[in-house]
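Scope of the values below: all heavy atoms of this structure, side chains included, with no hydrogens, waters or symmetry mates.
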Amino acid sequence: MPAAPPLTAGVRRGYALGSVATGTFGTVPGLLLLPYLTDTLGITALVAGLIVFGPKAWDVVLNPISGRISDASTSPAGRRRPFLLVGGLALAVSFALLFAGPTGPPWVAGTYVVVLFLICATAYSFFQVPYVSMPAEMTSDYAERTRLMTWRVVILALAILLSGATAPIVVNAFEDESTGHRVMGLYIATIIAIGAFGAWRGTRAAPELPVDTADGTLVDQLRLVRADPAFRALLSTFVLQSIGIGAMLAGVAYVADDLLGTSVAATILFAAFVAPALIVTPVWERFAQRRGKKVGYQLSTALLVLGALFLFAARQDATWLVYPAAAVVGVGYAGAQVFPLAMLPDIAAADAVRSGQNRVGVFTGVWTAGETLGLAVGPGLFAVILAIGGYVSSTGDVTQSGRALTAIALGFSMVPAAIIALSALTLRRCIDRREPDHG
C-alpha cells in the first residue's frame with residue numbers, strides 16, 4: 001500500500017468524533033434497555049434478554065454485507081464518508097423512537113422494541129462498518145494508526161462517560177419512568193447525530209490511499225478473511241472481551257438498585273468504569289511505542305480480569321472496594337480498546353499489500369459483527385443468570401430474594417471475569433505487525 005503523509009490533528013479529531021456515535025449507541029442500550037424491559041414494561045428477564053440479543057445478532061449477518069457495499073463505493077465524497085452521514089442520522093432518528101413506544105400490554109410493548117431496535121441495528125451497521133474501515137485507508141503508518149486510535153478512544157471514553165452517566169439521570173429526573181425514557185431517547189439521539197455529523201464533516205480532508213476493490217463474491221472474500229490467522233486470533237479475543245464487558249454494563253443498573261441500594265450509584269459506578277480511560281489512554285499509547293501493542297493488550301486484559309473479580313464485593317457496606325475495583329476495570333478497558341483497534345487496520349493493510357486488493361470493509365464488517373455479537377450476548381447472558389437466580393420482573397418496587405441478589409453479583413463480576421480470562425488464550429496467538437507493509 002502506498003505511503004501517506006502524517007495525518008493532521010484536525011483529521012484525527014474529526015475522525016475521533018465518530019466515536020461519539022459508536023460509544024453512545026454501544027453503551028446506552030446495554031446499560032438501560034434490559035432494565036427498561038424488565039422493570040418498566042414488566043417483561044420477564046429471559047424474554048427481555050432475547051429482545052436485547054435478537055436485533056444485535058442481526059448485525060452479525062448484516063455487517064459483512066455493509067462492509068462489502070462500502071468497499072465497492074465510488075462516491076466522489078469518499079469511499080466511506082457518505083455512509084457516516086446517512087447511517088448516523090438514521091440511527092439517531094430510530095433511537096429517539098426506540099423508547100417512545102407503548103408501555104403495555106407487555107407483548108405489544110416488547111414487539112415495538114424489537115422492531116425499532118432492529119432498525120437501529122441496521123442503521124448502526126451502515127455507520128459503524130465504514131467508520132471502522134477508514135483508518136486502514138487513511139494511513140499506512142504503524143505508529144500513525146496508534147495515534148489515530150488514541151484520539152478515537154479518548155473521545156470514545158468521553159462519549160461513554162457522558163451518555164452512560166447522564167442517561168440514567170435523565171430517566172430518573174421524571175417521576176414517570178416512561179416519560180423519563182422518552183426524554184432520554186431524544187437526548188441520546190441528539191448526541192448520536194452530533195457525533196455522526198462531526199465525523200462526516202471532520203474527515204473531509206482525510207487522505208484515501210488507492211487500493212483496488214477486491215474481486216469475487218462476498219462469500220469468497222469472507223473465506224479469505226477467515227483464513228487469516230492473525231485476524232482470527234484478534235477477533236476471537238475481542239469478541240470474548242465484548243461478551244464480558246457487555247454483561248458488566250447490563251448489570252450496572254441492577255447492582256446500583258438492588259445491591260448498593262440507590263439509583264445514584266449507577267452514575268457513580270459507571271463513571272468509575274469509564275473516567276480512568278481519559279487519563280490512561282495516552283499512557284497506553286506511549287506503552288505501545290515502547291513495548292508493542294500486543295504486550296499492552298495482554299496487560300490491559302489482566303487488569304480487566306482483576307478488577308472484575310473484586311467487583312463481586314458489590315454490597316452497600318463495601319462501596320470502598322467496589323468503586324476502586326471499577327476504576328481498575330476502566331484502566332484495563334481503555335487498553336482493551338486502544339490496542340485491538342490499532343492492530344486491526346495493521347492486519348487489513350497487510351492483507352491489502354499481499355493481495356493488492358481492498359478487503360478492508362470485509363475485515364471490519366466481520367470485526368464489527370463480532371463486536372456487536374459480543375455486546376449482544378453479554379446482556380443476554382446476564383438476563384439468563386437473572387432468570388436462573390429467580391429475579392422478579394415488575395413495574396413496581398419488589399424486594400428480590402437472596403438468590404437473585406447473588407445472581408446479580410455473579411453476572412456482574414465472576415462470570416465476566418472468567419470469560420475475559422479465557423480471551424487471554426486467544427490473545428497469545430495474536431501478531432503485532434510492527435511493519436504492516438511487509439507483513
For [X] against [Y], the heavy-atom pair lying closest together:
X: Val329; Y: Leu304; answer: O-CD2, 3.5 Å
X: Ala45; Y: Ser393; answer: N-OG, 3.4 Å
X: Ala308; Y: Ala417; answer: CB-CB, 3.7 Å
X: Ala109; Y: Leu41; answer: CB-CD1, 3.8 Å
X: Ile43; Y: Ala48; answer: CG2-N, 3.8 Å
X: Thr237; Y: Leu427; answer: OG1-N, 3.2 Å

Main-chain N/O of [Y] paired to [X] side chain as donor or acceptor, under 3.5 Å:
X: Thr426; Y: Ser423; value: yes
X: Lys294; Y: Arg428; value: yes
X: Ser401; Y: Ala404; value: yes
X: Ser94; Y: Leu91; value: yes
X: Arg81; Y: Ala199; value: no
X: Gln241; Y: Thr301; value: no

Residues two or more places apart in sequence or in another chain: which of them pass side chain to side chain donor-acceptor pair (under 3.5 Å) with Glu371?
Gln128
Look up atom [atom1] in [X] and atom [atom2] in [Y], then write down how far apart they are to the nearest 0.5 Å.
X: Leu98; Y: Leu118; atom1: CG; atom2: CG; result: 11.5 Å
X: Thr406; Y: Met414; atom1: OG1; atom2: CE; result: 11.5 Å
X: Leu375; Y: Ser242; atom1: CG; atom2: OG; result: 4.5 Å
X: Ile160; Y: Leu249; atom1: CD1; atom2: CG; result: 8.0 Å
X: Leu259; Y: Leu269; atom1: CG; atom2: CG; result: 10.0 Å
X: Gln298; Y: Leu303; atom1: CD; atom2: CG; result: 12.5 Å

[Y] and [X], any side-chain heavy atoms less than 4.5 Å apart:
X: Thr44; Y: Thr38; answer: no
X: Pro29; Y: Phe95; answer: yes
X: Val283; Y: Ile279; answer: no
X: Lys293; Y: Asp346; answer: yes
X: Thr103; Y: Tyr112; answer: no
X: Trp367; Y: Phe238; answer: yes
X: Leu234; Y: Tyr297; answer: yes
X: Cys430; Y: Met343; answer: yes

Taking Met184 as the fixed residue, which of Leu32, Thr166, Ile169, Asn172 is the one that meets the side-chain contact (heavy atoms from CB on, under 4.5 Å) rule?
Leu32
Phe127: ring-ring contact (aromatic ring centres under 6.0 Å, His included) partners, not counting sequence neighbours
Tyr131
Holding to ring-ring contact (aromatic ring centres under 6.0 Å, His included), I want the full list of residues that pass it with Tyr391, two or more places apart in sequence or in another chain.
Tyr254
Side-chain H-bond candidate by donor/acceptor type, Ser66 with Ser125, under 3.5 Å
yes
Give a yes-or-no answer on whether the side chains of Thr122 and Trp58 include a donor-acceptor pair shorter than 3.5 Å.
yes
For Arg182, check salt bridge (Lys or Arg N to Asp or Glu O under 4.0 Å) against everything at least two apart and list the hits.
none
Can you classify the ring geometry of Phe412 versus Phe273 as parallel (below 30°), tilted (30 to 60°) or perpendicular (above 60°)?
perpendicular
Please step through side-chain contact (heavy atoms from CB on, under 4.5 Å) for the pair Ile191 and Leu162, ending with a clear verdict.
CA-CA 9 Å; Ile191 295 175; Leu162 173 66; 4.0 Å; yes
side-chain contact (heavy atoms from CB on, under 4.5 Å) between Leu17 and Arg13, worked out:
CA-CA 6 Å; Leu17 284 175; Arg13 289 193 295 266; 5.9 Å; no
Show me the donor-acceptor pairs within less than 3.5 Å that the side chains of residues 331-342 make with the rest of the protein, sequence neighbours left out.
none

Val183: side-chain contact (heavy atoms from CB on, under 4.5 Å) partners, not counting sequence neighbours:
Val170, Phe174, Thr179
Audit row: Leu381, Ile419, side-chain contact (heavy atoms from CB on, under 4.5 Å) steps and yes/no
CA-CA 11 Å; Leu381 176 62; Ile419 295 171; 3.6 Å; yes
Before giving the answer on side-chain contact (heavy atoms from CB on, under 4.5 Å), spell out for Arg429 and Arg232 the whole-Å C-alpha distance, their side-chain angles and the decisive distance to 0.1 Å.
CA-CA 9 Å; Arg429 299 198 299 270; Arg232 287 202 312 271; over 6 Å; no
